Amino acid sequence: MLLGCIGDDFTGSSDLANTLAKQGMRTVQYTGIPDHAAAEDVEAGVVALKSRSLPVAEAVAHSLAALAWLQQQGCQQFVFKYCSTFDSTSDGNIGPVADALADALGTSCVIVCPAFPGTGRSLYQGHLFVNDVLLHESGMQNHPLNPMDDPDIRRFLARQTPHPVGHVPALTVFDGADAIADALAREAADGKRLIIVDALRDADLFAIGKAAENLPLITGGSGVAMGLPANFIRRGQLVKSRTKWAGQAGKCVALSGSCSAATREQITLHATTNPSFKIDAVDVIEARVTPLQIAEFLCDGAGIPLAYSSADPQVIADVQEHYGRDRAAVALEAFFAEIARLVVANGVTRLISAGGETSGAIVEGLQLDSLEIGPEIAPGVPALRASGDLVLALKSGNFGAPDFFLAAATILEGDHNDH
């Protein structure tokens with residue numbers, strides 16, 4: 001294994017795995033920290049954690065344990081993957097985890113770049129944009145777990161770390177890899193360990209990747225990893241590979257716990273032509289609806305039946321205020337995990353999930369150890385094979401076109417020779 005990656009949630013991890021596979025690395029996503037060695041043909045390993053919303057100390061401990069396992073596999077470079085909308089709070093967990101990993105690796109120069117132009121996330125003058133609006137006006141200010149109220153990533157990250165935060169501006173990035181590397185070295189020499197690097201285009205990300213060739217640790221969204229495989233190719237350690245994918249026939253169902261505007265639009269469109277069941281969070285908490293009821297609805301439904309708890313942010317806020325954020329989240333995640341277990345036990349072979357926390361709960365509930373990376377469904381969303389008769393699509397809330405559920409079902413079923 002050449003490149004070791006740590007993701008702070010499951011959908012983000014599959015996003016990163018997709019990026020690396022597209023660039024020619026044989027990539028496997030692991031659910032949590034494996035208790036066995038990786039297969040010898042794995043070139044990039046992505047350890048998917050569910051650490052984004054954990055208490056800081058737990059997130060740090062899990063991340064360091066993942067790092068230790070990846071080091072045992074022989075990795076030469078490491079990536080800490082978080083959301084391209086920098087999902088975190090004033091306490092963490094991005095800053096504390098990045099600091100802990102840097103300490104463990106003995107590095108004083110760490111790139112911080114959440115940009116992902118393919119999904120509309122760009123970083124300019126240290127400010128994060130979602131398409132043409134600043135982060136705190138994009139809807140992310142209403143996120144139920146990690147509301148983002150400041151688009152200045154320099155300032156936001158400074159709340160999470162005791163160290164000065166550096167910055168490499170866009171005009172330097174446009175000058176290419178050598179200019180970026182020189183700027184990183186100057187910032188590090190000035191005592192700035194976590195260094196925000198602007199990026200507006202895929203070309204910027206490839207340049208950043210080349211500049212990072214000799215850095216032990218890179219952090220960011222999946223885009224920042226685009227240019228890393230080429231470094232191994234240049235050194236003769238990697239031959240770009242093509243991954244074969246065999247689709248999966250059979251029953252397909254969709255589950256959604258995301259409250260993002262993009263997912264709610266996808267649900268509205270999908271429900272016009274497919275059976276849909278709106279899950280009320282209060283009914284789940286008060287045990288007025290059971291996972292078995294939802295599973296039976298999904299298994300009996302024609303087309304691509306969908307069950308969703310997605311709702312307007314104000315509705316979610318009211319539920320959290322009444323029952324407490326943690327109680328509501330735990331109840332819904334356990335509910336979706338049990339639905340997933342029931343539908344798979346009843347013969348579902350294609351399972352689509354929207355929402356990072358929901359997807360994490362489903363993968364853990366199904367006790368999936370590792371996932372084979374397949375073709376891209378949408379930017380940041382690959383098809384995944386969990387076993388000989390189960391394939392999945394795990395979508396971050398804001399990803400995908402309006403017809404995502406149909407597109408995912410189609411690609412999960414079809415055969416693709418390479419990607």
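If you're wondering where the values come from, they're calculated on a predicted model, not measured in any experiment.
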Given Ser396, Ser256, Ser258, Ser310, the one that forms side chain to side chain donor-acceptor pair (under 3.5 Å) with Thr263: Ser258

Would a distance-only check, ignoring hydrogens and angles, find a side-chain to backbone donor-acceptor pair under 3.5 Å from [X] to [Y]?
X      : Y      : answer
Thr85  : Cys83  : no
Ser260 : Gly397 : yes
Gln266 : Gly400 : yes
Gln141 : Gly139 : yes
Asp198 : Ala170 : yes
Thr349 : Asp389 : no
Glu43  : Leu2   : no
Asp204 : Leu200 : yes
Asp403 : Leu406 : no
Thr31  : Leu368 : yes

Can you measure from [atom1] ([X]) to [atom2] ([Y]) and round to the nearest 0.5 angstrom?
X      : Y      : atom1 : atom2 : result
Arg350 : Thr410 : CZ    : OG1   : 8.0 Å
His167 : Gln125 : NE2   : CD    : 5.5 Å
Leu67  : Ser63  : CG    : OG    : 9.0 Å
Ile362 : Ser353 : CD1   : OG    : 3.5 Å
Leu171 : Tyr124 : CG    : OH    : 6.0 Å

message: For Phe80 together with Tyr82, are the ring centres under 6.0 Å from each other?
response: yes

Could you tell me if the side chain of [Y] sits less than 4.5 Å from the side chain of [X], heavy atoms only?
X      : Y      : answer
Asp369 : Pro34  : no
Phe404 : His270 : no
Phe86  : Arg121 : no
Glu58  : Asn93  : no
Lys395 : Ser359 : no
Asp8   : Val97  : no
Leu412 : Ile352 : yes
Gln23  : Phe232 : no

message: Can you tell me which residue among Leu228, Ile218, Leu70, Val46 is in a side-chain contact (heavy atoms from CB on, under 4.5 Å) with Cys5?
response: Val46

- prompt: Looking at Val253, Val289, Val284, which one forms a side-chain contact (heavy atoms from CB on, under 4.5 Å) with Ile294?
  reply: Val289

Which atom pairs, one a donor and one an acceptor, fall under 3.5 Å between side chains of residues 299-309 and the rest of the protein, sequence neighbours left out?
none

- prompt: Distance only, no hydrogens: is a donor on one side chain within 3.5 Å (strictly under) of an acceptor on the other, for Asp9 and Thr11?
  reply: yes

message: Taking side-chain contact (heavy atoms from CB on, under 4.5 Å) as the definition, give me every residue that meets it alongside Ala66, ordered by chain and number, with sequence neighbours left out.
response: Ile6, Ile33, Val47, Leu49

Check this for me, if you would: do [X] and [Y] make a salt bridge, where the nitrogen-to-carboxylate-oxygen distance has to be below 4.0 angstrom?
X      : Y      : value
Arg288 : Asp280 : no
Asp202 : Lys22  : no
Asp283 : Lys278 : no

task: Take atom NZ of Lys210 as the centre, draw a 6.0 Å sphere, and report whether it contains more than 12 heavy atoms from other residues, nucleotides or ligands.
output: no

